[in-house]
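Below: the structure, in structure tokens.
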Amino acid sequence: KVGMRNFHLIKHGKVIPAINVDRLWSLVSEQTRQYYKENTDKAPVIDVLKAGYMKVTGKGVLPEQPVIVKARYFTKEAEVKIKEAGGVCVLCA
């Protein structure tokens with residue numbers, strides 16, 4: 001015998017789809033982005049889970065526009081970049 005037995009093996013059980021910070025605005029239409037660029041008293045809510053992603057990673061540059069991002073996981077770099085742009089990171093279970 002070789003290796004260890006694993007009863008009820010679930011392959012790909014730990015796959016976490018991720019999206020980079022620079023692609024966050026692609027989840028929202030261009031009209032929405034222009035609207036919130038002019039009306040700075042509000043910030044758009046980007047729900048990453050509805051788009052099929054779970055994790056937000058910190059690669060790329062985020063425009064200087066506040067945004068509320070809802071996701072299950074954030075890397076430290078992503079959290080820093082979102083907060084520097086004036087946004088908020090919201091954890092969803």
Side-chain angles (χ1 to χ4, degrees):
K1 291 185 177 181
V2 179
M4 215 151 84
R5 259 187 281 177
N6 192 346
F7 299 110
H8 190 66
L9 174 67
I10 299 172
K11 294 185 178 183
H12 308 298
K14 296 177 179 153
V15 174
I16 300 172
I19 187 168
N20 288 323
V21 166
D22 57 354
R23 293 199 46 227
L24 277 178
W25 280 103
S26 67
L27 300 177
V28 183
S29 66
E30 189 63 31
Q31 294 171 340
T32 309
R33 182 171 176 201
Q34 293 300 324
Y35 172 78
Y36 285 108
K37 197 171 190 177
E38 294 163 7
N39 303 336
T40 54
D41 55 335
K42 296 181 187 175
V45 178
I46 298 177
D47 198 348
V48 175
L49 290 171
K50 285 184 181 174
Y53 299 101
M54 288 186 189
K55 187 174 189 174
V56 179
T57 54
K59 183 181 175 187
V61 180
L62 194 64
E64 288 296 322
Q65 193 171 344
V67 64
I68 300 167
V69 183
K70 288 184 173 183
R72 198 166 284 175
Y73 307 106
F74 290 94
T75 60
K76 289 180 185 176
E77 294 87 9
E79 210 167 337
V80 167
K81 288 182 181 182
I82 291 170
K83 288 181 180 176
E84 280 178 355
V88 180
C89 301
V90 179
L91 291 172
C92 296

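- The CD atom of Glu30 lies 9.5 Å from the CH2 atom of Trp25; values are rounded to the nearest 0.5 Å.
- Heavy atoms only, all atoms of each residue included: Gln65 and Lys37 are closest at NE2-N, 3.3 Å.
- Under a hydrophobic clustering in which Ile, Leu, Val, Met, Phe, Trp and Tyr are joined whenever their side-chain heavy atoms come within less than 4.5 Å, directly or via other members, Ile16 and Val69 fall into different clusters.
- Using a distance-only test at 3.5 Å, with no hydrogens or angles considered, a donor-acceptor pair links the side chain of Lys81 to the main chain of Gly58.
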#### Entry: Derivation of the side chain to side chain contact (heavy atoms under 4.5 Å, CB included) call for Lys70 and Leu49
CA-CA 7 Å; Lys70 288 184 173 183; Leu49 290 171; 6.0 Å; no
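- Nearest heavy atoms, Leu91 versus Arg72: CD2-O, 3.6 Å.
- Listed here is the closest heavy atom pair of Pro66 and Pro44: O-CD, 3.5 Å.
- Linking Ile, Leu, Val, Met, Phe, Trp and Tyr residues whenever their side-chain heavy atoms come within less than 4.5 Å leaves Val61 and Val67 in two separate clusters.
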### Task
Please report the C-alpha distance between Leu24 and Val48 in whole Å, then the side-chain angles of each, then the deciding distance to 0.1 Å, and finally whether the side chain to side chain contact (heavy atoms under 4.5 Å, CB included) criterion is met.
CA-CA 8 Å; Leu24 277 178; Val48 175; 3.9 Å; yes
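- With rounding to the nearest 0.5 Å, the separation of NZ in Lys11 from CG in Asn6 is 10.5 Å.
- Salt bridge status for Lys83 with Glu79: present, with a side-chain N to carboxylate O gap under 4.0 Å.
- Leu62 and Leu27 end up in the same hydrophobic cluster when Ile, Leu, Val, Met, Phe, Trp and Tyr side chains are linked at under 4.5 Å.
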### Query
After noting the C-alpha distance and the side-chain angles of Tyr36 and Val28, does the key distance pass the side chain to side chain contact (heavy atoms under 4.5 Å, CB included) rule?
CA-CA 11 Å; Tyr36 285 108; Val28 183; over 6 Å; no
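- Val56 and Met54 end up in different hydrophobic clusters when Ile, Leu, Val, Met, Phe, Trp and Tyr side chains are linked at under 4.5 Å.
- Between atom OG1 of residue Thr57 and atom CZ of residue Arg23 there is a gap of 10.0 Å, rounded to the nearest 0.5 Å.
- Taking all atoms of both residues into account, the shortest heavy-atom contact from Pro17 to Gly52 is CG-O, 3.5 Å.
- When every heavy atom of Glu84 is checked against every heavy atom of Glu64, the shortest pair comes out as O-OE1, 3.7 Å.
- Taken together through direct or relayed side-chain contacts under 4.5 Å among Ile, Leu, Val, Met, Phe, Trp and Tyr, Val15 and Phe74 form parts of separate hydrophobic clusters.
- Counting heavy-atom neighbours within 6.0 Å of Gln34 CD, excluding the residue itself, gives a total above 12.
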